[in-house]
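Just so we're clear, the structure is a prediction, and the values are computed from it rather than from any experiment. Naming: A, B, ... by sequence-line order, numbering from 1 per chain.
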2 protein chains.
Amino acid sequence: MDIHHIRVFASVYKHKSFSKAAEELHLTQPTVSDHVKALEEELKCRLFDRLSRKVIPTREAAVLIGRAQAIIEKVEGFKDVLGEFRKDLSGHLVVGASTIPGTYILPCLTASFRRKYPSVLFEIVVSDSRAIIDKVAGDELLIGIVGARLESRQVDYKPFLDDELIAVAPNSFEMRKNMGIRDIAELPIVMREQGSGTRREFEKILEKEGIDFQHLNIVALFGSTDAVKQAVKEGMGISVISRRAVKDELKCGMLKEIRIKDADMKRQFYIINHRKRTLPHLCKMFADYLLAGC
Amino acid sequence: MDIHHIRVFASVYKHKSFSKAAEELHLTQPTVSDHVKALEEELKCRLFDRLSRKVIPTREAAVLIGRAQAIIEKVEGFKDVLGEFRKDLSGHLVVGASTIPGTYILPCLTASFRRKYPSVLFEIVVSDSRAIIDKVAGDELLIGIVGARLESRQVDYKPFLDDELIAVAPNSFEMRKNMGIRDIAELPIVMREQGSGTRREFEKILEKEGIDFQHLNIVALFGSTDAVKQAVKEGMGISVISRRAVKDELKCGMLKEIRIKDADMKRQFYIINHRKRTLPHLCKMFADYLLAGC
DNA sequence: ATTATTGCATTAGGATACCTTATTCCCGCC
DNA sequence: GGCGGGAATAAGGTATCCTAATGCAATAAT
């Protein structure tokens with residue numbers, strides 16, 4: 001019982017002719033004969049009386065034609081269901097983000113996306129990079145934006161925006177000229193916790209310069225970027241932090257940047273997703289929107 | 001886009017497994033893989049994420065599954081529609097019949113059929129054999145019961161009941177012993193019209209005996225059997241008529257039978273239908289009921 | 001770590017169903 | 001009786017579908 005047979009049956013019924021049906025379906029007349037015959041054998045009942053000049057459907061055919069048309073319609077519509085679904089850009093979109101992207105990047109980007117697609121409801125889950133990566137690897141989150149690239153074979157990283165780490169000090173700090181990375185390492189430092197992408201990038205920079213992280217003069221660890229900023233403002237020490245996080249403070253003079261002459265402090269943000277999972281349409285649209293530069 | 005593909009898709013969705021689906025559908029796992037792949041290519045979207053140990057439907061699959069199940073259900077039901085239809089033995093059943101069957105046979109048989117299937121509405125069209133045969137040949141009637149076999153390549157005859165023509169005379173008639181067919185031919189005769197099966201059978205009998213119908217002493221022609229009977233009772237002459245038509249009159253002595261020693265006056269009734277048309281189910285059931293001896 | 005186990009993908013082969021062309025058959029119509 | 005329209009039949013090629021065997025990746029077990 002194939003959809004083909006049903007299609008042929010319906011066409012013959014419509015035209016009351018095998019050859020007309022063949023024409024409509026771009027088949028030959030013998031093929032149509034064959035399919036009708038196959039259906040008749042399967043149903044164990046004659047569907048058409050083939051008179052010399054005309055073809056007359058039997059009562060059974062008349063009973064079946066409605067059902068046949070319904071089936072054809074449904075099958076035709078099968079593809080279209082997807083089209084409808086794709087057009088409908090609304091729904092609940094959960095995005096994981098590490099601290100910097102979640103706090104200083106996504107609020108702006110989600111706002112602009114929502115201006116384009118107003119019926120989208122965003123939920124931004126903010127945590128540190130390690131936690132977001134784990135959640136994506138573990139299928140708890142479908143998409144995430146993080147500031148570090150940690151080993152995980154489950155996760156696919158796509159470079160997103162550039163960022164730069166800078167060293168910041170309290171406004172009272174007396175800046176020397178031409179400070180290098182090794183000078184920084186001598187100062188008292190306030191840092192984020194272990195899983196932080198910012199911290200990890202800083203560790204990598206130190207490593208490249210041959211400086212052991214253990215030997216830093218770390219005076220406090222905080223679970224949030226804001227806490228770090230507050231601590232620096234209070235004069236606990238300096239910190240190394242995303243330029244994006246302290247843009248406002250630098251502008252109004254609450255913090256000052258320590259320019260470092262010898263280290264490349266650039267870093268990347270990444271859009272991440274599970275390597276094997278297909279993103280739902282809305283999710284994919286958002287990712288593409290971000291990657292295309294919004 | 002084949003029904004097969006959809007069936008496989010639905011099964012994989014149900015079991016979240018290609019191999020379980022293969023088992024359910026009595027296919028092999030590669031076949032299932034192939035079909036899913038074909039569907040995915042046709043729809044240009046991934047339907048399942050194949051993780052190592054589990055298969056997870058994508059959002060698109062979730063959207064399609066409802067439609068898929070609806071299609072499958074409809075296709076499964078396609079055959080059953082016929083079953084339902086066949087069970088329903090009710091409706092309007094038009095049967096053509098020549099005079100004798102229509103008057104003396106069908107009333108009894110339709111009554112017994114209706115005791116079995118009470119929701120059938122009979123309509124018996126009575127005319128002479130020629131007219132009924134023409135209507136069946138011309139698709140005006142689907143089924144008929146007649147007392148003569150006339151040439152028509154459109155019509156299929158199935159022998160039904162036996163009948164016997166007998167000669168009847170008014171009660172006042174003075175019977176001689178050992179009357180033969182040639183004696184009958186001498187008497188004044190009352191007859192049915194040209195198209196009558198009874199008349200035609202009588203002509204055939206005469207012909208076999210070498211008697212020319214033109215030489216009969218015909219005194220009246222009537223359009224109905226009852227009229228003939230009345231005429232005989234009134235003493236207009238004798239007649240040759242179906243035994244079934246005069247059963248009651250013979251019993252209560254209103255007519256008397258003239259026994260004829262030398263002629264075989266047996267004849268057949270036939271159930272007829274168009275050679276090329278398929279009978280609707282109710283019609284076929286009734287024909288089978290009659291042919292099976294009720 | 002190494003080795004099973006599970007589960008999907010891939011490949012090659014053979015059977016089957018499908019479609020086509022050519023031809024025949026049937027019936028109604030000149 | 002010959003003609004013509006329309007379906008059935010026959011024969012052949014091809015695409016499809018299925019099986020069996022193998023590959024490959026991710027767990028789970030030793």
Side-chain angles (χ1 to χ4, degrees), chain A residues 1-9 11-42 46-58 61 136-139 151-156 274-278, chain B residues 1-9 11-42 46-58 61 134 137-139 151-156 274-278:
Chain A
M1 164 81 61
D2 194 40
I3 188 79
H4 250 71
H5 297 143
I6 294 176
R7 237 189 270 272
V8 167
F9 162 67
S11 183
V12 171
Y13 191 96
K14 189 171 82 186
H15 293 107
K16 313 281 184 264
S17 155
F18 284 51
S19 25
K20 295 268 174 53
E23 201 174 318
E24 181 187 52
L25 301 172
H26 306 292
L27 297 174
T28 56
Q29 170 264 313
T31 304
V32 172
S33 280
D34 241 33
H35 283 187
V36 170
K37 197 173 161 196
L39 237 195
E40 287 182 334
E41 275 167 14
E42 175 151 9
R46 180 161 259 255
L47 293 171
F48 298 102
D49 288 327
R50 289 81 151 167
L51 302 228
S52 45
R53 258 190 212 274
K54 55 188 171 181
V55 168
I56 299 179
T58 62
V136 168
D139 259 357
E151 291 320 309
S152 170
R153 290 193 303 120
Q154 315 285 8
V155 173
D156 187 47
H274 194 293
R275 194 184 294 277
K276 292 293 184 65
R277 294 300 310 279
T278 302
Chain B
M1 165 83 61
D2 193 38
I3 186 76
H4 251 71
H5 297 146
I6 295 175
R7 235 189 271 271
V8 167
F9 162 67
S11 184
V12 171
Y13 191 95
K14 190 172 81 187
H15 293 105
K16 311 283 184 262
S17 155
F18 284 50
S19 26
K20 295 268 175 53
E23 201 174 319
E24 183 187 52
L25 301 172
H26 306 292
L27 298 175
T28 56
Q29 170 263 312
T31 304
V32 172
S33 279
D34 242 32
H35 283 188
V36 169
K37 196 173 160 194
L39 236 195
E40 286 182 333
E41 275 165 15
E42 174 151 10
R46 182 161 259 255
L47 294 171
F48 298 103
D49 288 327
R50 288 81 151 168
L51 305 217
S52 46
R53 230 160 248 286
K54 55 188 172 183
V55 168
I56 299 180
T58 62
D134 287 348
D139 259 357
E151 292 321 309
S152 169
R153 290 192 303 123
Q154 315 285 9
V155 174
D156 186 48
H274 195 292
R275 193 183 295 275
K276 290 294 180 69
R277 296 300 311 277
T278 302

Quiz item: So, the side chain of A:Glu40 versus the backbone of A:Leu47: is there a donor-acceptor pair under 3.5 Å, distance only?
Solution: yes
Quiz item: What is the distance from NE2 of A:His15 to C1' of D:dG6, rounded to the nearest Å?
Solution: 15 Å
Quiz item: What is the distance from CD of A:Glu42 to C1' of C:dA17, rounded to the nearest Å?
Solution: 14 Å
Practice problem: With DNA chain C as reference, determine whether A:Ala38 or B:Pro30 sits nearer its 5' end, using the nearest nucleotide of each. | Solution: B:Pro30
Self-check item: Length of the CG-C1' vector between B:Asp49 and D:dA26, whole Å
Solution: 15 Å
Exercise. Answer yes or no: does a side-chain N or O of A:Arg50 lie under 4.0 Å from OP1 or OP2 of D:dA8?
Key: yes
Practice problem: If the plane angle is over 60° it's perpendicular, under 30° parallel, otherwise tilted; pick one for A:Phe18 and A:Phe48. | Solution: perpendicular
Practice problem: Classify the ring geometry between B:His35 and B:His4 as parallel (under 30°), tilted (30 to 60°) or perpendicular (over 60°). | Solution: perpendicular
Quiz item: Does a side-chain N or O from B:His35 land closer than 4.0 Å to OP1 or OP2 of D:dT16, or not?
Solution: no
Quiz item: Using a cut-off of 4.0 Å on non-hydrogen atoms, how would the nucleic acid contact of B:Lys20 be classed: base, sugar-phosphate, or nothing?
Solution: nothing
Quiz item: Taking OP1 and OP2 of D:dA26, is either one under 4.0 Å from a side-chain nitrogen or oxygen of B:Lys54?
Solution: no
Practice problem: Report yes if some heavy atom in the side chain of A:Arg7 is under 4.5 Å from a heavy atom in the side chain of A:Asp2; otherwise report no. | Solution: no
Quiz item: Counting any heavy atom closer than 4.0 Å, what does A:Val32 reach on the DNA or RNA strands: base, sugar-phosphate only, or nothing?
Solution: nothing
Self-check item: Pairing of B:Lys276 and A:Asp49 as salt bridge, 4.0 angstrom limit
Solution: no
Quiz item: Looking only at side-chain N and O atoms, does B:His4 come under 4.0 Å of OP1 or OP2 in D:dC18?
Solution: yes
Quiz item: For B:Arg275 and C:dC27, what is the distance between atoms CZ and C1' respectively, to the nearest whole Å?
Solution: 13 Å
Self-check item: Of the listed nucleotides C:dC8, C:dT10, D:dA10, the one nearest the side chain of B:Val55
Solution: C:dC8
Quiz prompt | Phosphate contact (C:dC8 OP1 or OP2) by B:Ser19 side-chain N/O below 4.0 Å | solution = yes
Exercise. In whole angstrom, give the distance that lies between atom CD of A:Glu23 and atom P of D:dA7.
Key: 12 Å
Practice problem: Measure from CZ on A:Phe48 to P on D:dA7 and round the result to the nearest Å. | Solution: 11 Å
Quiz item: What's the CD-C1' distance between A:Gln29 and D:dA7, to the nearest Å?
Solution: 5 Å
Exercise. Compute both the distance and the angle, then confirm whether A:Lys16 meets the cation-pi test with A:Tyr13: under 6.0 Å from the six-membered ring centre, within 45 degrees of the axis.
Key: yes
Practice problem: Respond yes when some side-chain nitrogen or oxygen of A:His5 is under 4.0 Å from OP1 or OP2 of C:dA17, and no when none is. | Solution: no
Self-check item: Spacing of B:Asp34 atom CG relative to C:dA9 atom C1', expressed in whole Å
Solution: 9 Å
Exercise. Answer with base, sugar-phosphate or nothing: what part of the nucleic acid does B:Thr28 contact at a heavy-atom distance below 4.0 Å?
Key: base
Quiz item: Just to confirm, is there a sub-4.0 Å distance from OP1 or OP2 of C:dC8 to any side-chain nitrogen or oxygen of B:Ser17?
Solution: yes
Quiz item: Can you find a side chain N or O atom of A:Ser33 that sits less than 4.0 Å from OP1 or OP2 on D:dA7?
Solution: no
